[in-house]
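Here the structure comes first, spelled out in structure tokens, and everything after it is commentary.
Everything quoted here is computed from the prediction, not taken from an experiment.
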Amino acid sequence: MGAAAFAAAPALALGATTKGKTRKVSVNDNYYGPSKLTVHVGDTVNWVWGDDVTDEHDVDVKSAPKGAKKFHSDLLVAGESFKRKLTTPGTYKIICTFHEEEMKMTITVKKKP
Ligand SMILES: [Cu+2]
């Protein structure tokens, strides 16, 4: 048991010091999946428009943490994608400008442990 714990430690330390992860969000006809996402500073969010999407959608930051730059994708269609690295901790509220009432998501960016 002592040996197993010892062997696992270096792998964990390596993971914590390497660059951020990429987290996928699917863009669908009038919803993002998931609608709530928690990531860490330095992670990249990659929005991917599904192959069966029939309408245009975008990714628009409605509110961002203090000091963070807002961003806005083009209106994209099936098979396209858009990514952003999030470097400021806090809460990002994202909407699709075409379907603002129903199509929104929240991303919480946490400081690295
Ligand atoms: Cu939309």
Side-chain angles (χ1 to χ4, degrees):
M1 179 179 164
F6 195 71
L12 283 174
L14 189 68
T17 54
T18 48
K19 58 185 166 58
K21 295 176 184 166
T22 296
R23 304 289 300 274
K24 185 187 160 183
V25 173
S26 66
V27 179
N28 309 286
D29 282 326
N30 307 359
Y31 67 96
Y32 300 107
S35 62
K36 284 188 179 159
L37 181 66
T38 300
V39 303
H40 287 105
V41 167
D43 286 351
T44 297
V45 179
N46 187 26
W47 285 266
V48 178
W49 279 243
D51 290 335
D52 55 350
V53 166
T54 60
D55 205 352
E56 289 185 310
H57 304 286
D58 62 7
V59 171
D60 185 56
V61 175
K62 187 150 196 190
S63 70
K66 254 191 194 133
K69 259 198 173 163
K70 289 185 178 179
F71 52 84
H72 185 186
S73 78
D74 291 331
L75 276 164
L76 300 176
V77 296
E80 297 191 284
S81 66
F82 172 80
K83 62 171 79 165
R84 268 295 182 280
K85 188 177 200 170
L86 302 181
T87 55
T88 306
T91 302
Y92 292 74
K93 301 266 188 195
I94 309 280
I95 58 155
C96 169
T97 55
F98 262 23
H99 309 104
E100 180 170 354
E101 285 308 310
E102 55 194 317
M103 192 166 175
K104 47 185 115 182
M105 71 175 297
T106 303
I107 302 175
T108 304
V109 180
K110 289 180 150 179
K111 285 182 188 165
K112 286 214 165 147

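- Minimum interatomic distance between Lys104 and Ser35 (heavy atoms only, all atoms of both residues): O-CB, 4.0 Å.
- Ser63 and Lys70 make their closest contact through CA-CE, 4.1 Å (heavy atoms, listed as atom of the first residue, atom of the second, distance).
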Assess the residue pair Glu80 and Asp74 against the criterion (side-chain contact (heavy atoms from CB on, under 4.5 Å)); give the C-alpha distance rounded to whole Å, side-chain angles, the decisive distance to 0.1 Å, and a yes or no.
CA-CA 10 Å; Glu80 297 191 284; Asp74 291 331; over 6 Å; no
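- Between the Asn30 side chain and the Glu102 main chain, no donor and acceptor come within less than 3.5 Å of each other.
- With rounding to the nearest 0.5 Å, the separation of OG1 in Thr106 from NZ in Lys36 is 6.5 Å.
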Tyr92 vs Arg84, side-chain contact (heavy atoms from CB on, under 4.5 Å): CA-CA, chis, key distance, verdict:
CA-CA 12 Å; Tyr92 292 74; Arg84 268 295 182 280; over 6 Å; no
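- Separation of atoms CG (Asp60) and OG (Ser73) is listed at 8.0 Å; rounding is to 0.5 Å.
- The backbone N or O of Asn28 lies less than 3.5 Å from a partner atom in the side chain of His57, making a donor-acceptor pair.
- A donor-acceptor distance shorter than 3.5 angstrom exists from the side chain of Asp29 to the backbone of Asp55, with no hydrogens or angles considered.
- Pairing each heavy atom of Pro89 with each of Pro65, the nearest pair is O-CB, 3.3 Å.
- The backbone N or O of Val41 lies less than 3.5 Å from no partner atom in the side chain of Lys111, so there is not a single donor-acceptor pair.
- Taking CG from Leu86 and NZ from Lys69, the interatomic distance works out to 14.0 Å, rounded to the nearest 0.5 Å.
- Residues Trp49 and Val59 are in side-chain contact: their nearest non-hydrogen atoms beyond the backbone lie under 4.5 Å apart.
- The cluster map of Ile, Leu, Val, Met, Phe, Trp and Tyr, joined by side-chain heavy atoms under 4.5 Å apart, puts Ile95 and Tyr31 in different clusters.
- Side-chain atoms of Trp47 and Ile94, non-hydrogen and from C-beta on, do get closer than 4.5 Å to each other.
- Leu75 is not connected to Val48 by any chain of hydrophobic side-chain contacts under 4.5 Å among Ile, Leu, Val, Met, Phe, Trp and Tyr, and they are in different clusters.
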Run the side-chain contact (heavy atoms from CB on, under 4.5 Å) check on Thr88 and Val109 step by step: do they pass?
CA-CA 7 Å; Thr88 306; Val109 180; over 6 Å; no
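- In this view, Lys93 satisfies the salt bridge (charged side-chain N to carboxylate O under 4.0 Å, His left out) rule with no residue, not counting sequence neighbours.
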Passes side-chain contact (heavy atoms from CB on, under 4.5 Å), Ile107 versus Arg23? Steps please.
CA-CA 11 Å; Ile107 302 175; Arg23 304 289 300 274; over 6 Å; no
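- Judged purely by atom type and a 3.5 angstrom limit, Asp43 uses its side chain to pair as donor or acceptor with the backbone of Lys21.
- Looking at heavy atoms from C-beta onward, Lys83 lies out of side-chain contact with Thr22 at the 4.5 angstrom threshold.
- When all heavy atoms are compared, the tightest approach of Ala78 to Asp51 is CB-O, 3.6 Å.
- Taken together through direct or relayed side-chain contacts under 4.5 Å among Ile, Leu, Val, Met, Phe, Trp and Tyr, Val45 and Phe71 form part of one hydrophobic cluster.
- Proximity of Glu100 to Lys62: side-chain heavy atoms (C-beta onward) are separated by under 4.5 Å at one or more points.
- Under the 4.5 Å side-chain heavy-atom criterion for ILVMFWY residues, no single connected hydrophobic cluster contains both Phe98 and Tyr32.
- At most 12 non-hydrogen atoms from other residues, nucleotides or ligands lie less than 6.0 angstrom from CD of Glu101.
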